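As structure tokens, the structure follows; a few thoughts come after it.
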Amino acid sequence: MKILLVDDHVLLREALRGALNELEAEAAIFEASDSRETMQFVAQHPDLDLVLLDLNLPDRDGFGVLAEIRERYPSVSVVIMSALQDRDNVVRALDLGAVGFIPKSAGRKVILGALQLVFSGGIYIPPQALSRPGPPPAPASSPPPQTAPAGDAAGRPPASPADLGVTERQLDVLALMMQGKSNKAICRMLNLAEPTVKNHVRAILKALKVANRTEAVIAVGALQWELPSIANP
């Protein structure tokens with residue numbers, strides 16, 4: 001496995017190197033401190049497996065680097081590791097093709113778990129990005145809201161796939177969506193026609209009440225569903 005660490009802080013790169021060596025002792029780990037070094041290295045090593053990318057680089061916005069890598073080198077996975085951990089930045093990174101977003105403030109145990117999830121084909125989303133934005137505060141003149149009765153959504157367990165009408169086949173599709181697979185890749189892996197996969201994706205988005213794949217990934221993370229493990233055919 002070949003991994004590139006991109007951050008302008010030497011100490012952070014050293015800490016990440018230690019964590020990666022703990023997970024993948026045989027990994028070849030390289031470093032870059034800015035976008036120029038990053039793009040040069042990726043161009044020279046198209047067989048790179050993973051880029052751990054900071055968003056605040058001294059010479060370029062990290063989102064631009066992420067978008068360029070995903071466009072020019074789609075086989076290279078990118079995980080964002082940044083202090084800019086609000087929901088909007090997490091969603092934007094996932095929309096641009098990142099396979100994970102690890103806050104720099106996370107503890108070592110969390111970082112190790114997140115990297116292990118990515119290595120196993122999953123997408124890591126920080127917990128603070130899983131909750132949907134709440135409604136705006138009511139005007140001062142409005143009557144106070146009534147307290148939710150016992151058994152309401154505030155106190156009951158998260159909905160299960162069966163509760164939302166998600167079928168077993170749709171769970172297979174969803175599991176591959178969570179890995180960032182395209183519709184065509186899902187077709188190959190599940191031996192399904194592309195119109196069938198598109199119908200499943202639409203049904204999943206409708207069941208989760210979301211508008212796109214990124215929101216679906218976040219919603220499923222919040223629901224903590226156990227999805228099937230799909231192996232390459």
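Because the structure is predicted, anything quoted here is derived from the model rather than measured.
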Q) Is any side-chain heavy atom of Leu227 less than 4.5 Å from a side-chain heavy atom of Met177? A) no
Heavy atoms of Val166 and Ala207 approach each other most closely as CG2-CB, 3.9 Å
Answer yes or no: is there a side-chain heavy-atom contact under 4.5 Å between Arg169 and Leu190?
yes
Quick note, side chain to side chain donor-acceptor pair (under 3.5 Å) partners involving residues 190-200, not counting sequence neighbours, are Asn199-Arg202
Taking only distance into account, with no hydrogens and no angle test, what donor-acceptor pairs under 3.5 Å do side-chain atoms of residues 89-98 form with protein atoms, sequence neighbours excluded?
unit_1 : atom_1 : unit_2 : atom_2 : d
Asn89  : ND2    : Asp86  : OD1    : 2.6
Asp95  : OD1    : Thr214 : OG1    : 2.4

To the nearest 0.5 Å, atom CD of Gln44 lies from atom CG of Asp47 at 11.5 Å
The reported gap from CZ in Arg17 to CG in Leu12 (rounded to nearest 0.5 angstrom) is 12.5 Å
| Are Thr38 and Ile69 close enough that some pair of their side-chain heavy atoms sits under 4.5 Å apart? | yes
The reported gap from CG in Asn212 to CD1 in Ile218 (rounded to nearest 0.5 angstrom) is 8.5 Å
Applied to residues 171-192, the ring pair (Phe, Tyr, Trp, His ring centres under 6.0 Å) test, sequence neighbours excluded, yields none
Smallest heavy-atom separation, Ser35 atom then Leu57 atom, equals N-CD1, 4.0 Å
Requested in this report: Just do the side chain to side chain contact (heavy atoms under 4.5 Å, CB included) check on Met39 and Val65 with the steps written out, would you?
Outcome: CA-CA 8 Å; Met39 297 313 303; Val65 179; 4.1 Å; yes
With sequence neighbours left out, the residues meeting salt bridge (charged side-chain N to carboxylate O under 4.0 Å, His left out) with Glu22 are Arg108
- Task: Apply the test side chain to side chain contact (heavy atoms under 4.5 Å, CB included) to residues Leu208 and Leu223: give CA-CA distance (whole Å), side-chain angles for both, the deciding distance (0.1 Å), then the verdict.
- Result: CA-CA 10 Å; Leu208 294 171; Leu223 291 167; 3.8 Å; yes
Closest non-hydrogen contact found for Ala159 with Trp225 is O-NE1, 2.7 Å
For Ser33, is there any backbone N or O sitting under 3.5 Å from a side-chain donor or acceptor partner on Glu37?
yes
Residues pairing under ring pair (Phe, Tyr, Trp, His ring centres under 6.0 Å) where one sits in residues 58-105, two or more places apart or in two chains, turn out to be none
When every non-hydrogen atom of Pro46 is compared with those of Ser75, the smallest separation belongs to O-OG, 4.1 Å
After noting the C-alpha distance and the side-chain angles of Arg213 and Val201, does the key distance pass the side chain to side chain contact (heavy atoms under 4.5 Å, CB included) rule? CA-CA 8 Å; Arg213 285 170 171 251; Val201 171; 4.1 Å; yes
Taken in chain and number order and not counting sequence neighbours, the residues that satisfy ring pair (Phe, Tyr, Trp, His ring centres under 6.0 Å) with His45 are Phe30, Phe41
In this structure, OG of Ser82 is separated from CG of Leu52 (nearest 0.5 Å) by 12.0 Å
message = I'd like to check Ile102 versus Leu115 (side-chain heavy atoms, cut-off strictly below 4.5 Å). Are they in contact?
response = yes
Problem - Residue pair Glu168 / Pro228, side-chain heavy-atom distance below 4.5 Å - result: no
Rounding to 0.5 Å, atoms CG (Leu171) and CD (Glu226) come to a distance of 11.5 Å
NZ (Lys2) and CG (Leu48) are apart, to the nearest 0.5 Å, by 7.0 Å
Quiz prompt | Side-chain heavy atoms of Met1 within contact of Leu50, under 4.5 Å | solution = no
| said: Donor-acceptor check, side chain of Arg188 to backbone of Asn183, threshold 3.5 angstrom: yes or no? | reply: no
What one should report as the nearest heavy-atom pair of Ala32 and Leu4 is N-CD1, 4.0 Å
Q: Report the C-alpha separation of Asp34 and Asp8 in whole Å, then their side-chain angles, then the decisive distance to 0.1 Å, and conclude whether the side chain to side chain contact (heavy atoms under 4.5 Å, CB included) test is met.
A: CA-CA 6 Å; Asp34 56 32; Asp8 59 338; over 6 Å; no
TODO: Indicate yes or no: at least one non-hydrogen side-chain atom of Asp7 is less than 4.5 angstrom from one of Met81.
DONE: no
Residues Ile186 and Leu176: closest non-hydrogen pair is CG1-CB, 3.7 Å
Exactly one of Asp54, Leu84, Asn56 clears side-chain contact (heavy atoms from CB on, under 4.5 Å) with Lys104, and that residue is Asp54
Are Val42 and Glu68 packed together at the side-chain level, in the sense that at least one heavy-atom pair is separated by less than 4.5 angstrom? no
